[in-house]
Amino acid sequence: MQIFEYNGSAVVAMVGKNCFAIASDRRLGVQLQTIATDFQRISKIHDHLFIGLSGLATDVQTLYQRLVFRHKLYQLREERDMKPETFASLVSAILYEKRFGPYLCQPVIAGLGDDNKPFICTMDSIGAKELAKDFVVSGTASESLYGACEAMFKPDMEAEELFETISQALLSSVDRDCLSGWGGHVYVVTPDEIKEKILKGRMD
């Protein structure tokens, strides 16, 4: 078993019409043993920018704290929030800085940029970015997430339909992966509001 699979994880982000959704499972495990069923993988950087971190749980928490610190420094200096593209470059630089002893995380970044245009991207543990215009995934359930998202995604979905699509994709995918699961945590972000929902899994 690879170290990336040690705790299990599933993270997905998807774009809609002037909105985006980001979702993750809630299981924290040690290989096949479940430790907690309320682990938080998705974090808010500001109202229009979220990051989901899959991988080793200790590195997830360490990297998140570093990113919050760097974003607060940016806010103090620039007196504004970071754009999603700028934040993605920051995350990439922090990961590449540690390339010889990397953080064992794979980030998924989702945000609303200029003119409320949704931005999503993912990267590997040394910061190589992968941009997309529909959806991005990471974690141990990646393969089944790709299949479910390919089947369910439609362009220009409104917020309600986007929530339903990403929820169904996540729940059906983690059912096919024994290292992730126990429901999900979904955020749907529009220019005006943030909707947060906890999904119940089959075992809850």
Side-chain angles (χ1 to χ4, degrees), residues 9-27 38-54 81-89 91-92 105-124 129-177 180-202 204:
S9 51
V11 183
V12 55
M14 200 177 273
V15 303
K17 189 175 182 181
N18 295 332
C19 61
F20 70 85
I22 184 166
S24 76
D25 71 320
R26 303 177 72 219
R27 178 184 184 269
D38 59 354
F39 189 66
Q40 184 76 20
R41 293 184 202 288
I42 299 172
S43 307
K44 182 172 88 166
I45 304 300
H46 60 74
D47 284 349
H48 289 162
L49 180 61
F50 283 73
I51 185 168
L53 294 164
S54 68
D81 289 328
M82 245 188 220
K83 291 179 180 176
E85 296 85 353
T86 312
F87 184 73
S89 296
V91 177
S92 181
C105 301
Q106 294 173 316
V108 167
I109 297 162
L112 288 178
D114 295 333
D115 302 323
N116 297 320
K117 188 180 177 186
F119 169 90
I120 56 170
C121 86
T122 185
M123 55 192 79
D124 64 10
K129 281 190 278 190
E130 181 189 331
L131 304 173
K133 293 181 178 172
D134 44 11
F135 57 84
V136 290
V137 306
S138 76
T140 55
S142 290
E143 285 184 20
S144 49
L145 275 168
Y146 270 122
C149 292
E150 286 278 2
M152 297 180 188
F153 178 81
K154 292 188 296 189
D156 293 332
M157 286 185 283
E158 298 292 343
E160 286 299 321
E161 189 180 2
L162 182 62
F163 166 76
E164 198 62 41
T165 302
I166 200 169
S167 301
Q168 292 298 329
L170 179 74
L171 290 177
S172 63
S173 299
V174 297
D175 282 346
R176 291 164 174 78
D177 175 41
S180 58
W182 285 97
H185 208 149
V186 183
Y187 293 88
V188 179
V189 180
T190 65
D192 307 316
E193 63 176 337
I194 301 168
K195 290 182 182 173
E196 181 184 356
K197 180 91 173 171
I198 303 289
L199 304 175
K200 294 284 186 184
R202 289 188 180 172
D204 290 50

Table please: side-chain donor-acceptor pairs of residues 191-199 below 3.5 Å, with sequence neighbours left out.
{"unit_1": "Lys195", "atom_1": "NZ", "unit_2": "Glu160", "atom_2": "OE2", "d": "2.7"}
{"unit_1": "Glu196", "atom_1": "OE2", "unit_2": "His185", "atom_2": "NE2", "d": "2.7"}
{"unit_1": "Glu196", "atom_1": "OE2", "unit_2": "Tyr187", "atom_2": "OH", "d": "3.3"}

Inset, instruction - Indicate yes or no: at least one non-hydrogen side-chain atom of Asp25 is less than 4.5 angstrom from one of Arg41. - result: yes
Legend entry - Test item: Trp182 and Phe39 side chains (from C-beta on) under 4.5 Å apart, heavy atoms: no
Inset, instruction - Mark yes or no for whether Ser24, through its side chain, and Ala10, through its backbone, hold a donor-acceptor pair below 3.5 Å. - result: no
Which distance, rounded to the nearest 0.5 Å, do you find between the [atom1] of [X] and the [atom2] of [Y]?
X      : Y      : atom1 : atom2 : answer
Met14  : Ile120 : CE    : CD1   : 8.5 Å
Phe119 : Leu131 : CZ    : CG    : 5.0 Å
Ser138 : Asp124 : OG    : CG    : 11.0 Å
Ile22  : Ile51  : CD1   : CD1   : 8.0 Å
Ile42  : Arg26  : CD1   : CZ    : 11.0 Å
Asn18  : Leu112 : CG    : CG    : 8.0 Å

Legend entry - NZ/NE/NH1/NH2 to OD/OE distance under 4.0 Å, Asp114 and Lys117: no
Inset, instruction - Would you sort out whether Met82 and Ile45 count as a side chain to side chain contact (heavy atoms under 4.5 Å, CB included), showing the intermediate values? - result: CA-CA 9 Å; Met82 245 188 220; Ile45 304 300; over 6 Å; no
What's the shortest heavy-atom distance between [X] and [Y], and which atoms?
X      : Y      : answer
Ser9   : Ser54  : OG-CB, 3.2 Å
Leu170 : Gly184 : CD2-CA, 3.8 Å
Phe135 : Val137 : CD1-CG1, 4.4 Å
Phe20  : Pro118 : CB-CB, 4.3 Å
Leu53  : Cys105 : CD2-CB, 4.5 Å
Val188 : Ala21  : CG2-CB, 4.0 Å

Legend entry - Test log, rule side chain to side chain contact (heavy atoms under 4.5 Å, CB included), inputs Asp81 and Leu49: CA-CA 9 Å; Asp81 289 328; Leu49 180 61; over 6 Å; no
Residues 143-158, side-chain donor-acceptor partners within the protein, below 3.5 Å, at least two apart:
{"unit_1": "Ser144", "atom_1": "OG", "unit_2": "Ala141", "atom_2": "O", "d": "3.2"}
{"unit_1": "Ser144", "atom_1": "OG", "unit_2": "Ser173", "atom_2": "O", "d": "3.1"}
{"unit_1": "Lys154", "atom_1": "NZ", "unit_2": "Glu161", "atom_2": "OE2", "d": "2.5"}

Inset, instruction - Give me the one residue out of Val91, Val108, Ile109 that meets side chain to side chain contact (heavy atoms under 4.5 Å, CB included) with Cys121. - result: Ile109
Legend entry - Partners passing ring-ring contact (aromatic ring centres under 6.0 Å, His included) against His48 (at least two apart in sequence or in another chain):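 With sequence neighbours excluded, His48 shows a ring-ring contact (aromatic ring centres under 6.0 Å, His included) to no residue whatsoever.
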